[in-house]
Peer 1: 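Here you go, one structure.
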Amino acid sequence: MEYFAFQWHITDSCDQRCEHCYIFSEGHPKLVEMSFDKAQRVVDDCVEMCRRMERLPYFYITGGDPILHSRFWDILALLRERNIPFTILGNPFHLTDEVCRRLKEYGCDKYQLSIDGMRETHDSIRKLGSFDTTVEKITVIRRAGIRCAVMTTVSGTNIKEIPDIVDLVVAHQVDIFAFGRYCPTSFEKSTHIEPLEYRDFLERIWQKFEQYKDSGTTFNLKDHLWTLFLYEKGLFKIPEGLDNDTIYDGCHCADCHMTILPTGKVMACRRFESPVGNIFCEHIGDIYGSERMDAYRKYEKFEKCSRCELLRFCRGCPAVAYGYTHNFYAADPQCWKQID
């Protein structure tokens, strides 16, 4: 039975004010924390949706920094009681051996940290001292028996430092490494990456991944343009005999992933403004099946991808396209493939 993923933001509270943070991108908003009673409703509703769909729920608990929620451990207990697996997407600042031991007891599958450059770059994006604290806590997480993942947001600001980050995570025995691209709110020259520049970048990183393929670190090819890259290298082939109307892989928006904010607002994807309802006003299963959500599943409307043989397996990142153009169906700005 396959999983359905819920990215669940339980609080806006955070120790950092990162440059690319969605919460603080428009000034200083009022920080919201979801009440425990409403958190119970969220879990019940998501479990019921998955039961109807014959899927298993999986939660990515985040914020803000979820550990700052006043009833953080009580929320984890809700998931433990139902044997629901979860990952924490959080900061390193409140992690100790005791905290990580408790996380393990409550069933935490993995803890994801962020590294967005080497020390100077990372700290300029996030917070002074964040880099050293993050690296230090990798060992603390793994010592508790929790898998440690590191995620990097790639932009023109830090693209040259990603190979060094790969060296770093392997040296510290990180279990999983992945990166995604920065979603701008407009065309920003300082962060923009040209398509062929991005393809060359993937080539360099692929060589790094090959170098470390036996290191014990799993390299998650999160960016769907990896599919195009591997297709051109002959390492990905389109299987024969597949249904031409079925989406098999690529962007998970409106497919097997939804986001729930502390207010109850449900979004098709957190990486761009994509509201589809509120879980406290209607059942999340009804939101998933609504016309509002269907708008993100109209694959024939994708301006470039709909004419590509990789439509059912790639579609790049529509959230990045939206960041540049405010059009979800626009061409991925880093896609280098020529379509006649």
Side-chain angles (χ1 to χ4, degrees), residues 1-11 32-63 66 69 71-90 102-112 146-147 149 176 220 222 242-243 245-271 274-299 312-313 315:
M1 192 178 294
E2 295 182 353
Y3 282 106
F4 192 100
F6 301 96
Q7 183 173 321
W8 188 14
H9 296 248
I10 60 175
T11 181
V32 178
E33 175 179 290
M34 183 179 290
S35 72
F36 180 68
D37 289 344
K38 288 184 175 179
Q40 288 178 302
R41 289 170 56 186
V42 167
V43 173
D44 290 342
D45 208 18
C46 292
V47 167
E48 175 59 19
M49 169 185 157
C50 289
R51 185 192 66 78
R52 294 179 183 178
M53 295 176 62
E54 297 185 339
R55 304 284 284 271
L56 296 172
Y58 192 103
F59 283 90
Y60 291 88
I61 303 175
T62 186
H69 192 288
R71 299 194 64 177
F72 173 69
W73 300 105
D74 293 327
I75 290 175
L76 297 195
L78 293 174
L79 302 181
R80 181 173 63 176
E81 290 166 5
R82 295 174 177 265
N83 293 315
I84 298 173
F86 64 89
T87 288
I88 300 291
L89 314 179
R102 288 189 72 188
L103 286 172
K104 179 66 174 178
E105 288 180 354
Y106 276 82
C108 181
D109 179 36
K110 64 179 178 287
Y111 195 105
Q112 180 176 295
I146 299 171
R147 292 188 297 157
I176 302 164
N220 183 350
K222 181 179 177 68
L242 297 181
D243 183 352
D245 296 324
T246 299
I247 296 298
Y248 292 96
D249 204 351
C251 173
H252 293 161
C253 178
D255 179 20
C256 57
H257 178 96
M258 298 169 76
T259 294
I260 305 167
L261 302 186
T263 58
K265 183 178 181 180
V266 178
M267 302 180 75
C269 173
R270 185 63 184 101
R271 286 165 58 79
S274 55
V276 288
N278 191 297
I279 195 171
F280 302 133
C281 299
E282 56 187 319
H283 294 298
I284 195 165
D286 294 336
I287 296 174
Y288 179 76
S290 68
E291 292 184 4
R292 287 157 287 163
M293 189 68 89
D294 280 341
Y296 301 101
R297 296 187 280 247
K298 294 186 180 299
Y299 305 113
R312 295 169 295 157
F313 306 94
R315 300 181 303 289

Peer 1: Take the angle between the ring planes of F59 and W8 and call it parallel below 30°, perpendicular above 60°, tilted in between.
Peer 2: tilted

Peer 1: Let me check something: any side-chain donor-acceptor pairs from residues 255-264 under 3.5 Å, sequence neighbours excluded? List them with distances.
Peer 2:
{"from": "T263", "atom 1": "OG1", "to": "K265", "atom 2": "N", "distance (Å)": "3.3"}

Peer 1: Checking R270 against H9 for the side chain to side chain contact (heavy atoms under 4.5 Å, CB included) test, could you report, in this order, the C-alpha distance in whole Å, the side-chain angles of both residues, the deciding distance, and whether it holds?
Peer 2: CA-CA 10 Å; R270 185 63 184 101; H9 296 248; 3.7 Å; yes

Peer 1: Can you tell if the side chain of R315 reaches within under 4.5 Å of the side chain of I247, non-hydrogen atoms only?
Peer 2: yes

Peer 1: With a 4.5 Å cut-off on side-chain heavy atoms, are Y3 and P57 touching?
Peer 2: no

Peer 1: Is there a donor-acceptor contact under 3.5 Å from the side chain of Y248 to the main chain of D243?
Peer 2: yes

Peer 1: What pairs meet the salt bridge (Lys or Arg N to Asp or Glu O under 4.0 Å) rule with one or both residues in residues 73-89, with sequence neighbours excluded?
Peer 2: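 Matches after skipping sequence neighbours: D44-R82, R71-D74.
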
Peer 1: I would like to know whether E2 and Y58 meet side chain to side chain contact (heavy atoms under 4.5 Å, CB included); could you show each step before the answer?
Peer 2: CA-CA 10 Å; E2 295 182 353; Y58 192 103; over 6 Å; no

Peer 1: How long is the straight-line distance from CZ of R292 back to CD1 of I287, given to the nearest 0.5 Å?
Peer 2: 6.5 Å

Peer 1: What are the two closest non-hydrogen atoms of A254 and M293, and how far apart are they?
Peer 2: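 Shortest heavy-atom separation between A254 and M293 comes out as CB-SD, 3.5 Å.
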
Peer 1: Hey, could you give me the CD/CZ distance between Q112 and R147, rounded to the nearest 0.5 Å?
Peer 2: 11.0 Å

Peer 1: Look up atom CD in E48 and atom NE2 in H283, then write down how far apart they are to the nearest 0.5 Å.
Peer 2: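 So the gap between those two atoms works out to 8.0 Å.
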
Peer 1: Return the minimal non-hydrogen interatomic distance between I10 and H69, and the atom names on each side.
Peer 2: O-CD2, 3.2 Å

Peer 1: Which heavy atom in I146 sits nearest to a heavy atom in K110, and how many Å separate them?
Peer 2: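 Scanning both residues, the minimum pair turns out to be CG2-CA, 3.6 Å.
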
Peer 1: Grab the two heavy atoms, one from A268 and one from Y296, that are nearest each other, plus how far apart they are.
Peer 2: CB-CD1, 3.7 Å

Peer 1: R41: what forms a salt bridge (charged side-chain N to carboxylate O under 4.0 Å, His left out) with it, not counting sequence neighbours?
Peer 2: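 R41 satisfies salt bridge (charged side-chain N to carboxylate O under 4.0 Å, His left out) with no residue once adjacent residues are dropped.
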
Peer 1: Quickly, which of L89, T87, L79 forms a side-chain contact (heavy atoms from CB on, under 4.5 Å) with I61? Name it, please.
Peer 2: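 It is L79; the other options fail the test.
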
Peer 1: Using salt bridge (charged side-chain N to carboxylate O under 4.0 Å, His left out) as the criterion, list what pairs up with E105, not counting sequence neighbours.
Peer 2: R101

Peer 1: Might you point out which heavy atoms bring E282 and D45 nearest each other, and give the distance in Å?
Peer 2: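 That would be O-OD2, 4.1 Å.
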
Peer 1: So which atom in W73 and which in Y106 form the shortest heavy-atom distance, rounded to 0.1 Å?
Peer 2: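 That would be O-CE2, 3.5 Å.
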
Peer 1: Please assess V47 against V43 for the test side chain to side chain contact (heavy atoms under 4.5 Å, CB included), listing each intermediate value before the final yes or no.
Peer 2: CA-CA 6 Å; V47 167; V43 173; 4.2 Å; yes

Peer 1: Salt bridge or not for D249 and R312, using N-O below 4.0 Å?
Peer 2: no

Peer 1: Begin with the C-alpha distance, continue with both residues' side-chain angles, and end with the deciding distance and a verdict on side chain to side chain contact (heavy atoms under 4.5 Å, CB included) for L76 and I88.
Peer 2: CA-CA 10 Å; L76 297 195; I88 300 291; 4.3 Å; yes

Peer 1: According to salt bridge (charged side-chain N to carboxylate O under 4.0 Å, His left out), who are the partners of D286, at least two apart in sequence or on a separate chain?
Peer 2: none

Peer 1: If the condition is ring pair (Phe, Tyr, Trp, His ring centres under 6.0 Å), which residues does F4 pass it with, not counting sequence neighbours?
Peer 2: F6, Y288

Peer 1: Mind checking the OG-CZ spacing from S35 to F280? Nearest 0.5 Å is all I need.
Peer 2: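 Rounded to the nearest 0.5 Å, the OG-CZ separation comes to 6.5 Å.
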
Peer 1: Quick one: CE on M1 to SG on C50, what's the gap to the nearest 0.5 Å?
Peer 2: 10.0 Å

